[in-house]
Asker: 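The structure under discussion is supplied below as structure tokens; questions concerning it will follow.
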Amino acid sequence: MKYAGFTLKEINELLSLNDNSIPEQDCIDRTNNLLLNKKAEILLKIENYKKVVELIDLMQPLATAETSEENSVELDNLINTIFNNKIKEK
């Protein structure tokens with residue numbers, strides 16, 4: 001779970017759901033909710049990393065060539081996309 005990005009608090013919460021005092025359906029619902037939220041968080045991070053790779057690929061030719069207006073606009077768009085997704089992630 002730690003490898004998948006679960007915090008210690010989230011791991012503890014999942015493990016505490018195994019307590020017999022919690023109704024079974026409540027345990028199932030809360031477990032599914034935690035897992036789905038983590039999955040969404042991981043998928044968003046994957047998308048952000050893909051955008052970072054695109055950004056690096058775009059920046060590489062800029063290091064050896066003159067900057068064009070088109071490259072500058074594309075670079076700005078990628079940066080804004082990454083920034084906006086990072087805000088959603090938090």
Side-chain angles (χ1 to χ4, degrees):
M1 293 178 93
K2 188 70 175 161
Y3 180 76
F6 283 84
T7 65
L8 292 177
K9 180 180 177 184
E10 290 168 330
I11 293 170
N12 187 41
E13 186 175 352
L14 279 170
L15 293 175
S16 71
L17 292 175
N18 201 24
D19 184 355
N20 289 333
S21 66
I22 298 173
E24 184 177 355
Q25 190 58 48
D26 190 36
C27 178
I28 291 169
D29 293 342
R30 289 169 59 187
T31 300
N32 284 331
N33 187 40
L34 283 167
L35 294 174
L36 289 174
N37 286 338
K38 183 54 67 177
K39 179 181 176 181
E41 181 183 312
I42 290 169
L43 290 173
L44 183 57
K45 285 181 180 182
I46 290 169
E47 287 305 311
N48 285 336
Y49 286 131
K50 285 180 182 178
K51 293 295 181 188
V52 169
V53 169
E54 288 178 39
L55 180 60
I56 290 169
D57 288 342
L58 183 60
M59 288 176 64
Q60 198 167 14
L62 295 177
T64 59
E66 289 186 31
T67 303
S68 70
E69 183 64 31
E70 183 179 314
N71 281 349
S72 293
V73 168
E74 191 171 349
L75 183 60
D76 285 343
N77 287 338
L78 279 171
I79 291 170
N80 286 332
T81 299
I82 292 166
F83 180 73
N84 289 335
N85 282 342
K86 285 301 266 186
I87 290 173
K88 290 178 194 172
E89 191 176 307
K90 293 178 180 182

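Numbers here are sequence positions counted from 1.
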Asker: Under the rule for salt bridge (charged side-chain N to carboxylate O under 4.0 Å, His left out), what residues qualify as partners of Lys39, not counting sequence neighbours?
Answerer: none

Asker: Can you tell me which residue among Asp29, Ile28, Leu35, Leu34 is in a side-chain contact (heavy atoms from CB on, under 4.5 Å) with Thr31?
Answerer: Leu35

Asker: Would Tyr49 end up clustered with Ile56 when hydrophobic side chains under 4.5 Å apart are linked, directly or stepwise?
Answerer: no

Asker: In Å and rounded to the nearest 0.5 Å, what is the SG to CD1 distance from Cys27 to Ile22?
Answerer: 6.0 Å

Asker: Measuring from atom OG1 of Thr7 to atom CG of Asn12, what distance do you get when rounded to the nearest 0.5 angstrom?
Answerer: 9.0 Å

Asker: If you apply the rule salt bridge (charged side-chain N to carboxylate O under 4.0 Å, His left out), what do you find for Lys45 with Glu41, and how did you get there?
Answerer: CA-CA 6 Å; Lys45 285 181 180 182; Glu41 181 183 312; 3.7 Å; yes

Asker: Report yes if some heavy atom in the side chain of Leu14 is under 4.5 Å from a heavy atom in the side chain of Arg30; otherwise report no.
Answerer: no

Asker: Identify the heavy atoms of Ile11 and Lys2 that sit nearest to each other, and give their distance.
Answerer: CD1-N, 3.9 Å

Asker: Taking the side chain as every heavy atom from C-beta outward, state whether Asn48 and Leu44 have any pair of such atoms under 4.5 Å apart.
Answerer: yes

Asker: Looking at Glu13 and Lys9, is any side-chain nitrogen of the basic one under 4.0 Å from a carboxylate oxygen of the acidic one?
Answerer: no

Asker: Quick one: hydrophobic cluster around Ile46, which other residues, with the 4.5 Å side-chain cut-off, linked directly or via members?
Answerer: Ile42, Leu43

